[in-house]
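Order of the sequence lines fixes the chain letters, A, B, ..., with proteins taken first and strands second; residue numbering starts at 1 for each chain. Everything numeric here is computed off the predicted structure, so don't read it as measured data. All values below were derived from every heavy atom in this structure, side-chain atoms included, with hydrogens, water molecules and symmetry-related copies excluded.
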Protein chains: 2
Amino acid sequence: MGNYIEGMSSEHLERKTRPADSRRRGESVTEVEEHDLPRQAWTLLFELMHAHMRNFPALAAEFELSPVQAHVLRQLGEAPLAMSTLANYLSCDASNVTGLVDRMEARGLVERRSSEQDRRVKMLVLTDAGAALRERLLERMAEPPEAIAAMGDDDLRALRDIMRRALKPQ
Amino acid sequence: MGNYIEGMSSEHLERKTRPADSRRRGESVTEVEEHDLPRQAWTLLFELMHAHMRNFPALAAEFELSPVQAHVLRQLGEAPLAMSTLANYLSCDASNVTGLVDRMEARGLVERRSSEQDRRVKMLVLTDAGAALRERLLERMAEPPEAIAAMGDDDLRALRDIMRRALKPQ
DNA sequence: TATTGTTATACTCTATAACTATA
DNA sequence: TATAGTTATAGAGTATAACAATA
């Protein structure tokens, strides 16, 4: 992982027509644009996020964390997490989590604890130092980028409400 | 880079108050919420993007590209690009670009061409195969995630217009 | 037998430092 | 001297495969 942050120029999408198999014939330009609405919105969103995500490795480095370690710290909240669950969350093979946790444990951020129910399983818990660093990291990550900070209140309210609806379960 | 895609639970931010140094005394809950608007909107946006970005390495792998190679392919549009410019765009050291371009060149996606003006500089250009792969990649990246595709037209139009304003230069 | 976590191995990405060839 | 790109080296992240302990 890493910078894995990524973007896409809106120029590309806004100049392209839809793929032929989804194109309806005989519709006006306005209708075409309406049909492409999800694509248009997504592309612009992507562009804004990409510009910001380029800075994520540097942000993690402020806390002497690799990008992946920063993700793990964010994910490890109150509840203990099995190694396999973390691997699943990171979308990576379980073998990678061993070394990742080794490094974070060596630094005193997390601890492995054998599960009582199933002694194959090792649960990860934050140490006090890990929890403290996590709070600082989350505060830092919550700082909005310039493009957001500069928006007017009306747009911010609308954006917040749209995102709440989009993220609402179901 | 990589997965570098990342997120943050809205739970965290929405339960926290602002840092003490920016907190005004004697204001109502509503005023506090208004003051936190950029943070609220940003956190929700971040959550949506993070959920999607976890899939970026898998998306790149559909084209047998690493996440970083996918970024490079996206960035290498029509115009040739100096190695140093690419390093700057990737926010990484120039030494990394050498190996990165080596691998993409070995695969026939890009070519190095010495600059006429300054023979220290090497310009990167896409091969025909590279340009064709880039088109397919961009099409794939433009597919909106479920959370966007499921939104209503009113929200999509509002989101698109808000993002256009936010991304507008100046 | 199946699953959890580990180890071994290999490749990619990343940084720093020293080098070259140009400028 | 300064800059663009390379090479050497080291460490982190990733995957696959084989393994031990446990279920």
Visitor: Less than 4.5 Å apart, side chain to side chain, heavy atoms only: is that true for A:Gln69 and A:Val72?
Guide: no

Visitor: To the nearest angstrom, how far is A:Lys122 atom NZ from D:dA20 atom P?
Guide: 15 Å

Visitor: Given atom CD of A:Gln69 and atom P of C:dC13, what is their separation to the nearest angstrom?
Guide: 19 Å

Visitor: Could you check how far CE of A:Met83 sits from P of C:dT4, rounded to whole Å?
Guide: 12 Å

Visitor: From the set D:dT16, C:dG5, C:dT16, return the single nucleotide nearest to any side-chain atom of A:Asp93.
Guide: D:dT16

Visitor: Can you check whether A:Arg103 has a side-chain N or O nearer than 4.0 Å to OP1 or OP2 of D:dG13?
Guide: yes

Visitor: Please give, in whole Å, the distance from C:dG5 P to A:Leu81 CG?
Guide: 10 Å

Visitor: Between A:Met123 and A:Glu111, does a side-chain contact (heavy atoms from CB on, under 4.5 Å) hold up when you go through it step by step?
Guide: CA-CA 8 Å; A:Met123 306 301 290; A:Glu111 280 181 11; over 6 Å; no

Visitor: With a cut-off of 6.0 Å (strictly less than), are more than 12 heavy atoms of other residues, nucleotides or ligands near CZ of A:Arg165?
Guide: yes

Visitor: At a cut-off of 3.5 Å, list every protein nitrogen or oxygen paired with a nitrogen or oxygen from nucleotides 18-23 of chain C, distance to 0.1 Å.
Guide:
| from | atom 1 | to | atom 2 | distance (Å) |
| --- | --- | --- | --- | --- |
| C:dA23 | OP1 | B:Arg119 | N | 3.1 |

Visitor: Would you check, one step at a time, whether the test side-chain contact (heavy atoms from CB on, under 4.5 Å) holds for B:Arg107 with B:Leu65?
Guide: CA-CA 10 Å; B:Arg107 191 169 150 189; B:Leu65 294 168; 3.6 Å; yes

Visitor: Taking for each residue the nucleotide of DNA chain D bearing the nearest heavy atom, is the 5' side occupied by A:Leu100 or by B:Ala82?
Guide: B:Ala82

Visitor: Which whole-number value in Å describes the distance from B:Leu65 CG to C:dT12 P?
Guide: 12 Å

Visitor: Starting at CE of A:Met123 and ending at C1' of C:dG5, how long is that distance when rounded to a whole Å?
Guide: 14 Å

Visitor: Show your reasoning for whether salt bridge (charged side-chain N to carboxylate O under 4.0 Å, His left out) applies to A:Glu139 and B:Arg39.
Guide: CA-CA 10 Å; A:Glu139 276 300 322; B:Arg39 207 178 165 88; 2.7 Å; yes

Visitor: Within the modelled atom types, does a donor on one side and an acceptor on the other bring the side chain of A:Ser95 and the base of D:dT16 under 3.5 Å apart?
Guide: yes

Visitor: Is there a donor-acceptor pair closer than 3.5 Å between any side-chain N or O of B:Ser114 and the backbone N or O of B:Lys122?
Guide: no

Visitor: Could you tell me if the ring centre of A:His50 sits under 6.0 Å from that of B:Tyr89?
Guide: yes

Visitor: Taking CG from A:Asp102 and P from C:dT6, how many angstroms apart are they, rounded to a whole number?
Guide: 7 Å

Visitor: Roughly how many Å is it from CZ in A:Arg107 to P in D:dG11, rounded to a whole number?
Guide: 17 Å

Visitor: Closer to the 5' end of DNA chain C via nearest nucleotide, is it B:Gly99 or B:Ala94?
Guide: B:Gly99

Visitor: Would you indicate which nucleotide in D:dA4, C:dT14, D:dT6 comes nearest to any side-chain atom of B:Ser84?
Guide: D:dA4

Visitor: Distance check: side-chain N/O of B:Ser66 vs OP1/OP2 of D:dT14, anything under 4.0 Å?
Guide: no

